[in-house]
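Written below as structure tokens is the structure these notes are about.
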Amino acid sequence: MDVKWARSPRAPADGDDDKKRAGWRGSGVRPKLVLVGFLLTLPLLFIVFGGRWGSSSFPSSPAGTKHVDAGAGSTTPQRTVTPKNVSASTTPTLSQDKLLGGLLSAAFDESSCQSRYKSNLYRKPSPFPLSPYLVQKLRKYEAYHKKCGPGTKRYRRAIKQLKAGRNVDNAECKYVVWFPCNGLGNRMLTIASTFLYALLTDRVLLMHVAAEQEGLFCEPFPGSSWVLPGDFPHNNPYSLNIGAPESYVNMLKNGGVRNDDPSSVRASSLPPYVYLHVEQFRLKLSDNVFCDEDQTVLSKFNWMLLKSDSYFAPALFMTPVFEAELAKMFPHKESVFHHLGRYLFHPTNRVWGIIRRYYEAYLARADEKIGFQIRIFPEKPIKFENMYDQLVRCIREQNLLPELGEPAANLTTESGKVKAVLIASLYSGYYEKIRGMYYENPTKTGEIVAVYQPSHEEQQQYTSNEHNQKALAEIYLLSYSDKITMSAWSTFGYVAYSFAGVKPWILLRPDWNKEVSEVACVRSTSVEPCLHSPPILSCRAKKEVDAAAVKPYVRHCEDVGFGLKLFDS
């Protein structure tokens, strides 16, 4: 890529002027004539659209939005591009299957959660065929959740037994209660993992919804709720930690439970609940529960509390007792989060309004959408200049954006196509630089490059509800990209590209003793997220086993050398 820096990285860019330039880009029609034509057609436009563009639905951007049609800075005449109709009723041209082939239940009122049946229509069809067995499992689970979920007599009976300190034999309903840890990306990955565990172990998934997570997601199960009621007797996430006496590992150490002869353990002899601390600890999952004998014992607990910061779904694939069932549910191994994420996570109408308005206002007209997600971690800070240079190297080496031409050049290869670049980052500098390049220079091919950044919060705010709403909106906007480039280790990026079903380019971290990565980026071999902290799979063996060496569908991650991810061989 022939990179030429703009003289001023902060060239003037008024939002309204940018929209005007986008409409006039390259047109041989003079602005005054366009204005006259517009005024003449205004009455007709008002008749056609007047009932649709009320103040509540006008496609305005979230606060902090930056946008510019960067091709407007070129002095080279451009071919007129007819704007595409981006109304909500006609935008979905890529996929008309609102139930995603049976993945989603039809038993919902569409108006209560508009994103459930509409968000996927902004993406290309899934590259992974859906297993009929998974569909069957989901419908069976939904009926089970409705029978045993909050508000039912079975739930009240189970709570009564829990409060009484009893774990009964042959319980009709069993539960796994998820507690939050770390940021939104981590939470979404662990919720999906916990739900998969619930499917495999016949448990009802309930979520502790902290204040910062309220109003983000719609209910995913028809006729019931997955929200843990506030009067749950063990509803304090701060008491759940690696040292908790209720932890399964600590129970084993203290003799509270035994796994040497799991078939002889009676449920009524166990404590009223068990806690799984499936969190990263010294780069390993702290609770080594992915062994058959441990799962046999755990299956006898009626109540399970679980806290995690990791995408532990790959560890479930490495547990022998689950392998056959998982093979039927996911014949394509790298489709696990892709399908479960699309099933579980539907932004509420408030968040969906942000997503839809932004997409239709700034992205819908693009011929190709390219997402860049940049995340700088405090434990491995990278200077802005170094990170930006690495991003530019990746863009150039992988031909992600068109090369720049001379401002006064008489280009004859104009395509008039629009590439929209969406930048998701806490910082505005990457937007300013890339936007500056394409604002002041045309491209060699005549393509228009429009650069957008919905927000720049400067720092992550785990406990801010407003911050999490914006983060969720940007995850979804990023997932509508045709190509994605993301920072290594970022769970935010993992969720976005897994939703999209595209293999991203990953911006590698420099070695710990270096400031610059020698390799700019690599292409992922899978659309699955990475498990940063794999479990110890020795079980009863005397030495640790590398799962990537023995499982044909597991390999080490491109960005986390010791991590593991699922892929289709």
Side-chain angles (χ1 to χ4, degrees), residues 95 97-110 112-121 123 125-150 152 154-155 172-178 188-207 217-228 299 304 306 311-314 316-317 319 321-347 479 495 498-499 501 527-529 566:
S95 171
D97 182 8
K98 68 179 183 180
L99 298 182
L100 306 184
L103 181 70
L104 303 181
S105 169
F108 283 99
D109 173 20
E110 293 190 27
S112 65
C113 182
Q114 297 175 21
S115 70
R116 188 188 318 277
Y117 301 129
K118 293 181 180 179
S119 64
N120 195 61
L121 301 180
R123 300 188 185 103
S126 170
F128 303 109
L130 188 63
S131 164
Y133 187 75
L134 176 59
V135 174
Q136 178 185 343
K137 289 282 290 188
L138 293 174
R139 299 294 90 81
K140 182 180 178 181
Y141 174 85
E142 290 163 359
Y144 179 49
H145 195 108
K146 187 175 182 179
K147 181 178 74 171
C148 298
T152 65
R154 293 175 178 84
Y155 176 82
E172 187 176 6
C173 302
K174 296 184 179 182
Y175 302 85
V176 55
V177 182
W178 173 89
M188 295 174 74
L189 293 176
T190 64
I191 291 170
S193 301
T194 307
F195 178 63
L196 178 58
Y197 186 66
L199 288 178
L200 292 168
T201 58
D202 295 322
R203 293 183 180 273
V204 171
L205 169 64
L206 298 177
M207 285 206 316
F217 301 111
C218 301
E219 295 279 355
F221 312 127
S224 187
S225 176
W226 67 344
V227 176
L228 183 69
S299 68
M304 174 184 290
L306 187 149
Y311 180 64
F312 63 87
L316 299 175
F317 277 79
T319 308
V321 70
F322 298 143
E323 283 189 300
E325 187 77 354
L326 287 168
K328 291 189 291 184
M329 293 166 63
F330 299 100
H332 296 277
K333 300 293 189 297
E334 64 178 276
S335 69
V336 177
F337 186 82
H338 175 75
H339 286 320
L340 294 184
R342 289 183 174 202
Y343 172 79
L344 288 172
F345 302 116
H346 309 291
S479 77
V495 173
S498 294
F499 275 165
V527 304
E528 269 287 287
L566 299 167

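Please read these numbers as outputs of a predicted model, since none were measured by experiment. Below, each value reflects all heavy atoms present in this structure, side chains not excepted, and no hydrogens, waters or symmetry copies.
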field: Residues forming a side chain to side chain donor-acceptor pair (under 3.5 Å) with His145, sequence neighbours excluded
entry: Tyr141

- line: Minimal heavy-atom distance between Leu206 and Ser225, with the atoms involved, is CD2-O, 4.0 Å

Taking every non-hydrogen atom, the tightest pair across Leu316 and Leu326: O-CD1, 3.5 Å

- request: Looking only at non-hydrogen atoms, find the nearest pair between Pro347 and Ser115 and report the distance.
  value: O-OG, 2.7 Å

message: Test of understanding: with side-chain contact (heavy atoms from CB on, under 4.5 Å), list the residues that count as partners of Lys174, not counting sequence neighbours.
response: Tyr144, Arg203, Asn302

- request: Indicate yes or no: at least one non-hydrogen side-chain atom of Leu199 is less than 4.5 angstrom from one of Leu138.
  value: yes

field: All side-chain contact (heavy atoms from CB on, under 4.5 Å) counterparts of Pro132, not counting sequence neighbours
entry: none

- line: So CG of Leu99 and CZ of Arg116: to nearest 0.5 Å the spacing works out to 10.5 Å

query: Tell me, do Leu100 and Asn120 make a side-chain contact under 4.5 Å, heavy atoms counted?
result: yes

statement: Contacts of Ala107 meeting side-chain contact (heavy atoms from CB on, under 4.5 Å) (sequence neighbours excluded), chain-then-number -> Ser105, Pro222

- request: Scan for salt bridge (charged side-chain N to carboxylate O under 4.0 Å, His left out) pairs involving residues 134-144, sequence neighbours excluded, and state none if there are none.
  value: Lys137-Glu325, Arg139-Glu142

message: Between Phe337 and Glu528, is there a side-chain heavy-atom distance shorter than 4.5 Å?
response: yes

Shortest non-hydrogen separation from Val135 to Gly101 and the atoms involved: CG2-O, 4.5 Å

query: Excluding sequence neighbours, so at least two apart, what forms side-chain contact (heavy atoms from CB on, under 4.5 Å) with Pro220?
result: Trp226, Leu344

Donor-acceptor pair, side chain of Ser112 and main chain of Asp109, under 3.5 angstrom: yes

- prompt: Would you say the side-chain atoms of Arg342 pair up with the backbone N or O of Phe499, donor to acceptor, closer than 3.5 Å?
  reply: yes

- prompt: Relative to each other, are the rings of Phe330 and Phe317 parallel, tilted or perpendicular (30° and 60° limits)?
  reply: tilted

task: Quick one: list whatever passes ring-ring contact (aromatic ring centres under 6.0 Å, His included) with Phe217, sequence neighbours left out.
output: Phe345

query: Taking only residues two or more places apart in sequence, or in another chain, which ones meet Glu323 in a side chain to side chain donor-acceptor pair (under 3.5 Å)?
result: Lys551, Tyr553

- prompt: Taking only residues two or more places apart in sequence or in another chain, which ones pass ring-ring contact (aromatic ring centres under 6.0 Å, His included) with Phe312?
  reply: none

task: Answer yes or no: is there a side-chain heavy-atom contact under 4.5 Å between Cys113 and Glu219?
output: no

task: For Thr319, enumerate each residue passing the side chain to side chain donor-acceptor pair (under 3.5 Å) test, keeping only those at least two apart in sequence or located in another chain.
output: none

Results of ring-ring contact (aromatic ring centres under 6.0 Å, His included) for Phe108 - residues two or more places apart only: none

query: Which pairs pass side chain to side chain donor-acceptor pair (under 3.5 Å) with one or both residues in residues 188-197, sequence neighbours excluded?
result: Trp178-Thr190, Tyr197-Gln295

Side-chain heavy atoms of Met329 within contact of Ser131, under 4.5 Å: no

message: How close do His339 and Pro129 get, counting heavy atoms only, and between which atoms?
response: NE2-O, 3.8 Å

- prompt: Side chains of His346 and Ser119: donor-acceptor distance under 3.5 Å anywhere?
  reply: no

query: Judged by atom type as modelled, is there a donor-acceptor pair below 3.5 Å linking the side chain of Ser498 to the main-chain atoms of Val527?
result: yes

message: I'd like to know if the side chain of Thr152 and the backbone of Gly149 have a donor-acceptor N/O pair within less than 3.5 Å.
response: yes

- request: Find out whether Tyr175 and Cys148 are in side-chain contact, i.e. whether some heavy atom of one side chain is under 4.5 Å from a heavy atom of the other.
  value: yes

task: Measure across Ala313 and Val336 and return the closest heavy-atom pair with its distance rounded to 0.1 Å.
output: CB-CG1, 4.4 Å

query: Taking it one step at a time, do His338 and His332 satisfy side chain to side chain contact (heavy atoms under 4.5 Å, CB included)?
result: CA-CA 11 Å; His338 175 75; His332 296 277; over 6 Å; no

task: Drop me the distance from Arg123's CZ to Ser479's OG, to the nearest 0.5 angstrom.
output: 3.5 Å

